*Asks:* 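Before I ask anything, let me first share the structure, which is written out below as structure tokens.
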Amino acid sequence: MGPVRTRIPPSPTGYLHVGNAWAAFFNWLFARHHGGQVVLRIEDTDPTRSSPEYERAIYEDLRWLGIEWDEGPDVGGPYGPYRQSERTGLYRAAADELVARGFAYPCYCTPEEIEAERARAQAERRAYRYSGRCRQLEPRERRAYEAAGRRAAIRLDLSSFRDPSRAQPGGWLQLRAQDGTERLCVVVRDLVRGEVVFALDELDDFLVVRSDGTALYNFANVVDDHGMRITHILRAVEHLSNTPRQLLLYHAFGWEPPEFAHLPVLVGPDRRKLSKRHGDAALREYREALYLPEALRNFFALMAWYPEDGREIFSTEELVARFDLKDVGRASPVFDRQKLVWMNGEYLRRLLREDPDRLAGLVADYLHRQGLLPDPKGPERLAYVRRVVEVLGERIKEGADVLRYGDFFFLELPHYDPKAVDAYLRSPEAARVLDLAAATLEGVQPFRAGEVEAAVRSMAQAHGLSMRQVVHPLRVALTGKTVGPGLFELMEVLGPDRVRDRLRHARTLAGAAEPAV
RNA sequence: GGCCCCAUCGUCUAGAGGCCUAGGAUACCGCCCUCUCAAGGCGGAGACGGGGAUUCGAAUUCCCCUGGGGCCA
């Protein structure tokens with residue numbers, strides 16, 4: 001076999017969501033681990049829901065996540081086209097070939113007739129399977145249907161597969177004892193689940209092309225995957241039940257089927273498949289909320305797979321090196337936001353140490369999106385954001401924390417939390433602290449954390465105040481909140497003018513001062 | 001309805017017959033540090049869905065049930 005080739009098959013019907021990004025990442029990991037290639041295929045067969053805008057957004061989100069592809073609609077490649085909407089001729093030709101090889105036949109049953117059959121089966125409480133009544137149509141019966149204006153759909157003819165002599169002891173079609181009888185079975189050899197066996201008589205002559213000429217999912221996928229030389233299909237388990245049908249198709253064409261690996265499905269807290277319904281399902285929202293692609297990759301890997309005991313932080317290179325389908329779990333993991341927040345915090349802290357400028361840039365963009373920073377690229381602004389980031393330090397685990405702990409750095413006046421004001425500002429004692437601080441700070445030169453702290457400490461001592469009594473009212477006065485960075489560091493960043501203004505403003509919120517002693 | 005997949009703390013998982021008094025992480029709670037918060041340190045609570053079978057011994061193997069998910073649609 002040649003190099004490993006995997007595929008990422010998004011539908012451009014919306015923004016890339018976390019579940020698909022997760023599966024895409026595994027395809028990428030697997031291909032990279034084996035030094036293989038990744039093919040991006042756009043599954044845009046539904047013209048009413050697909051759009052070029054979403055297609056572009058998917059490229060963008062995938063690249064942001066760090067997933068690259070070697071072939072795709074935008075980069076080209078030898079096995080294109082890579083958009084399903086441009087492959088309809090290929091599907092048609094493949095269907096004709098199947099008919100010519102005697103593995104498929106035209107079916108003139110209308111959807112209404114099929115629906116009626118199905119309803120009857122339901123009413124009689126038996127499993128519905130297509131009757132196969134168009135399989136043996138005489139040429140003149142076909143002509144009659146055509147004359148009546150009916151257009152044929154194409155169905156796969158399973159009858160030839162039902163010949164027990166086709167069974168191969170180690171092959172994909174085997175005779176298996178089931179329920180006490182020997183049954184012809186399609187055996188799927190799944191790289192994560194082992195052998196999964198489907199009785200052939202559970203399957204019927206399924207549709208391959210609709211009467212309007214459009215290809216069905218299973219059929220298009222087989223034609224595409226073979227045409228694009230895909231060697232390994234890593235996809236969600238929800239497709240496991242489709243696999244026997246696809247295997248049938250491969251053999252009808254005389255093609256070597258690829259390897260299959262069915263990954264678990266990412267689910268939400270309600271244990272249902274992650275979808276737009278869950279909110280926060282679009283990968284893009286994480287990007288905008290200051291999540292780091294490297295953190296997401298690490299987190300994605302840990303859902304389904306632990307590279308080794310006792311460690312949780314792995315670089316992408318390590319993940320690539322250690323990736324093995326044998327280790328991938330089979331149960332559906334719940335996408336746990338809280339743990340993602342923690343992991344993102346780990347990566348943000350590392351970034352703070354290793355590349356504070358990059359962090360500052362990301363935070364500046366975030367603030368800009370939040371409407372708190374008009375010009376995020378201005379060098380002066382950036383330098384300021386960088387100082388803020390350093391003062392905020394390891395408090396930032398996601399974008400919201402920048403606002404939670406530091407919005408006041410970017411506001412004319414802080415947004416005063418009423419509870420904080422009630423607790424620390426509305427008292428004569430608080431008013432006195434504010435007055436004392438204003439006076440003390442007036443002379444501090446240079447206005448740096450160390451000097452400011454020394455001044456405030458000696459002031460507290462001189463007036464018999466504890467640091468707690470001093471710090472809390474000042475913090476609320478300057479930031480509007482009870483949580484946040486160290487008081488003196490934050491004062492340095494704010495600078496003497498803003499500190500003075502805010503103290504003055506806060507004074508109006510405070511109670512009347514006790515008579516000076 | 002038929003078929004298929006899945007099942008360890010709330011969550012992500014380790015565990016592939018004795019190493020398990022079931023380990024780690026996260027979240028939660030407490031203490032320490034401390035100007036608050038965050039980070040960090042220490043500690044706590046918290047799981048093998050149920051029932052059979054195999055075995056000297058089962059979270060680990062087999063069967064049934066239950067629950068969840070999916071395909072046919």
Side-chain angles (χ1 to χ4, degrees), chain A residues 111 114-115 118-119 121-130 178 185-186 188 190 192-194 196-204 206-207 216-218 236-245 262-273 298-313 326-327 329-343 345-346 348-349 352 391-397 401 404-406 420 423-424 453 456-457 460 465-476 478-479 481-491:
Chain A
I114 298 297
E115 193 42 57
R118 180 174 295 143
Q122 192 102 3
E124 293 167 20
R125 308 193 53 177
R126 34 179 192 87
Y128 165 74
R129 281 180 208 101
Y130 176 62
Q178 274 195 346
C185 293
V186 179
V188 176
D190 187 275
V192 344
R193 272 150 229 275
V196 185
V197 178
F198 297 84
L200 187 61
D201 52 30
E202 303 288 351
L203 269 26
D204 64 357
F206 57 90
L207 235 39
L216 271 93
Y217 171 82
N218 282 321
V237 245
E238 59 206 52
H239 292 119
L240 183 54
S241 303
N242 284 321
T243 313
R245 277 175 264 273
H262 287 92
L263 308 171
V265 178
L266 249 200
V267 298
D270 57 358
R271 291 266 168 200
R272 294 181 166 277
K273 183 177 162 187
N298 193 157
F299 183 66
F300 276 171
L302 260 36
M303 284 188 299
W305 171 54
Y306 268 56
E308 76 186 43
D309 220 6
R311 191 148 74 97
E312 307 237 79
I313 305 297
K326 284 205 306 293
D327 300 326
R330 293 175 298 276
S332 304
V334 174
F335 184 71
D336 182 5
R337 286 278 324 237
Q338 287 186 316
K339 188 150 184 177
L340 207 213
V341 170
W342 165 77
M343 180 157 289
E346 292 283 315
L348 250 17
R349 282 197 287 282
L352 177 67
V391 165
L392 251 21
E394 68 243 5
R395 269 162 277 252
I396 311 172
K397 290 188 282 194
D401 293 320
R404 184 173 303 130
Y405 297 115
Y424 294 108
E453 178 166 4
V456 170
R457 278 188 188 279
L465 295 163
S466 72
M467 284 303 278
R468 308 173 71 89
Q469 288 175 290
V470 173
V471 166
H472 290 309
L474 286 180
R475 173 187 307 286
V476 176
L478 297 174
T479 72
K481 50 187 93 222
T482 55
V483 300
L487 179 67
F488 308 109
E489 287 73 31
L490 126 209
M491 285 168 91

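No experiment lies behind these values; they were computed from the predicted model shown. Just so it is clear: chains get the letters A, B, ... in the order the sequence lines come, proteins before strands, and each one is counted from 1.
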*Asks:* Regarding B:rC12, can its base be found pairing with the side chain of A:Tyr306 as donor and acceptor, where the two atoms are less than 3.5 Å apart?
*Replies:* yes
*Asks:* Suppose you measure atom P in B:rG46 against the same atom in B:rG10; what distance do you get, rounded to whole Å?
*Replies:*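 11 Å, rounded to whole Å.
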*Asks:* For A:Asn242 and B:rC5, give me the distance from atom CG to atom P, rounded to whole Å.
*Replies:* 14 Å
*Asks:* Please report the distance separating the C1' of B:rU21 from the corresponding atom of B:rC64, rounded so that it comes out in whole Å.
*Replies:* 31 Å
*Asks:* Measure the distance from CZ on A:Arg193 to P on B:rC3 and round it to the nearest whole Å.
*Replies:* 19 Å
*Asks:* Quantified in whole Å, what is the P atom distance between nucleotide B:rC28 and nucleotide B:rU11?
*Replies:* 16 Å
*Asks:* For residues A:Pro264 and A:Arg193, determine if any side-chain heavy atom of one lies less than 4.5 Å from a side-chain heavy atom of the other.
*Replies:* yes
*Asks:* Answer yes or no: is there a side-chain heavy-atom contact under 4.5 Å between A:His262 and A:Val192?
*Replies:* no
*Asks:* Heavy atoms under 4.0 Å, any strand shown: does A:Val334 hit a base, just sugar-phosphate, or nothing?
*Replies:* sugar-phosphate
*Asks:* So which nucleotide does B:rC31 pair with, by the Watson-Crick or G-U wobble rule with both distances under 3.5 Å?
*Replies:*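 Here B:rC31 is engaged in a pair, and the nucleotide opposite it is B:rG41.
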*Asks:* Considering heavy-atom distances to RNA chain B, does A:Arg118 or A:Lys339 have its closest nucleotide positioned more toward the 5' end?
*Replies:*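 The residue closer to the strand's 5' end, by nearest nucleotide, is A:Lys339.
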*Asks:* Mind checking if A:Ala199 touches a base, just sugar-phosphate, or nothing, with heavy atoms under 4.0 Å?
*Replies:* nothing
*Asks:* Can you confirm whether A:Met343 sits close enough to A:Ile313 that some side-chain heavy atom of one is under 4.5 Å from a side-chain heavy atom of the other?
*Replies:* yes
*Asks:* Please classify the nucleic acid contact of A:Val197 as base, sugar-phosphate, or nothing, using heavy-atom distances under 4.0 Å.
*Replies:* sugar-phosphate
*Asks:* Is A:Arg330 close enough to B:rC6 that one of its side-chain N or O atoms is under 4.0 Å from OP1 or OP2 there?
*Replies:*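 Indeed, a polar side-chain atom of A:Arg330 lies that close.
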*Asks:* With rounding to whole Å, what would you report as the distance between B:rC29 and B:rC9 at their C1' atoms?
*Replies:* 15 Å
*Asks:* Could you state the atom-to-atom distance from CE of A:Met303 to C1' of B:rA14 in whole Å?
*Replies:* 18 Å
*Asks:* Could I get the full list of salt bridge (Lys or Arg N to Asp or Glu O under 4.0 Å) partners for A:Arg395, not counting sequence neighbours?
*Replies:*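 Checked A:Arg395 against salt bridge (Lys or Arg N to Asp or Glu O under 4.0 Å); zero matches.
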*Asks:* Applying ring pair (Phe, Tyr, Trp, His ring centres under 6.0 Å), name anything that partners A:Tyr405, two or more places apart in sequence or on another chain.
*Replies:*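 With sequence neighbours excluded, A:Tyr405 shows a ring pair (Phe, Tyr, Trp, His ring centres under 6.0 Å) to no residue whatsoever.
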*Asks:* Each nucleotide in nucleotides 29-43 of chain B should get exactly one letter: B, S or -. Can you fill that in based on protein heavy atoms under 4.0 Å?
*Replies:* ------BBBBSS---
*Asks:* Taking atom C1' of B:rC72 as reference, at what distance in whole Å does atom CD1 of A:Ile114 sit?
*Replies:* 13 Å
*Asks:* B:rC56 pairs with which nucleotide, Watson-Crick or G-U wobble, both distances below 3.5 Å?
*Replies:* B:rG18
*Asks:* Side chains of A:Asn242 and A:Phe206, heavy atoms from C-beta outward: is any pair under 4.5 Å?
*Replies:*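 Heavy-atom side-chain distance check fails, nothing below 4.5 Å.
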*Asks:* Measure from the side-chain heavy atoms of A:Arg129 and tell me the nearest of B:rG2, B:rC12, B:rG10.
*Replies:* B:rG2
*Asks:* Are side-chain heavy atoms of A:Phe300 and A:Phe335 found at a separation under 4.5 Å?
*Replies:* yes
*Asks:* Would you say A:Asp204's side chain and A:Tyr130's backbone share a donor-acceptor pair under 3.5 angstrom?
*Replies:*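 Confirmed, A:Asp204 side chain pairs with A:Tyr130 backbone.
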*Asks:* How many whole angstroms separate atom CG of A:Asp201 from atom P of B:rC3?
*Replies:*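 Going from CG in A:Asp201 over to P in B:rC3 covers 11 Å.
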*Asks:* For A:Leu240 and B:rG68, give me the distance from atom CG to atom P, rounded to whole Å.
*Replies:*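 For the pair A:Leu240 CG and B:rG68 P, the rounded distance is 20 Å.
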*Asks:* Counting only side-chain N and O atoms of A:Arg337, is one of them less than 4.0 Å from OP1 or OP2 of B:rU26?
*Replies:* no
*Asks:* Looking only at the side chain of A:Asp336 (C-beta and beyond, no hydrogens), which of the listed nucleotides B:rU11, B:rA7, B:rC4 gets closest?
*Replies:* B:rU11
*Asks:* Mind calculating the distance between NE2 (A:His262) and P (B:rC5) to the nearest angstrom?
*Replies:* 12 Å
*Asks:* Going by heavy atoms in the side chains, are A:Arg330 and A:Val237 under 4.5 Å from each other?
*Replies:* no
*Asks:* Name the pairing partner of B:rG2, where a pair is Watson-Crick or G-U wobble with both distances under 3.5 Å, or state none.
*Replies:*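 By the stated definition (distances under 3.5 Å), B:rC71 pairs with B:rG2.
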*Asks:* Considering Watson-Crick and G-U wobble pairs with both distances under 3.5 Å, what does B:rA7 pair with?
*Replies:* B:rU66
*Asks:* Pairing check on B:rU36: which nucleotide meets the Watson-Crick or G-U wobble criteria with it, both distances under 3.5 Å?
*Replies:*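 The base-pairing partner of B:rU36, which may sit in any strand shown, does not exist here.
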*Asks:* Using a heavy-atom cut-off of under 4.0 Å over every strand shown, decide if A:Arg245 touches base, sugar-phosphate, or nothing.
*Replies:* sugar-phosphate
*Asks:* Mind calculating the distance between CG (A:Leu203) and C1' (B:rC4) to the nearest angstrom?
*Replies:*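 Taking CG of A:Leu203 and C1' of B:rC4, I get 11 Å after rounding.
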*Asks:* Using the P atom on both, measure B:rU26 against B:rA73 and round to a whole Å.
*Replies:* 46 Å
*Asks:* Of all the choices, B:rA7, B:rG68, B:rU13, which nucleotide is nearest to the side chain of A:Pro333 once you look at every atom?
*Replies:* B:rU13
*Asks:* Report yes if some heavy atom in the side chain of A:Arg245 is under 4.5 Å from a heavy atom in the side chain of A:Tyr217; otherwise report no.
*Replies:* no
*Asks:* Please state whether the base of B:rG70 and the side chain of A:Ser241 form at least one donor-acceptor pair under 3.5 Å?
*Replies:* yes
*Asks:* When you compare B:rG30 with B:rG69, how far apart are their C1' atoms, in angstrom units rounded to a whole number?
*Replies:* 39 Å
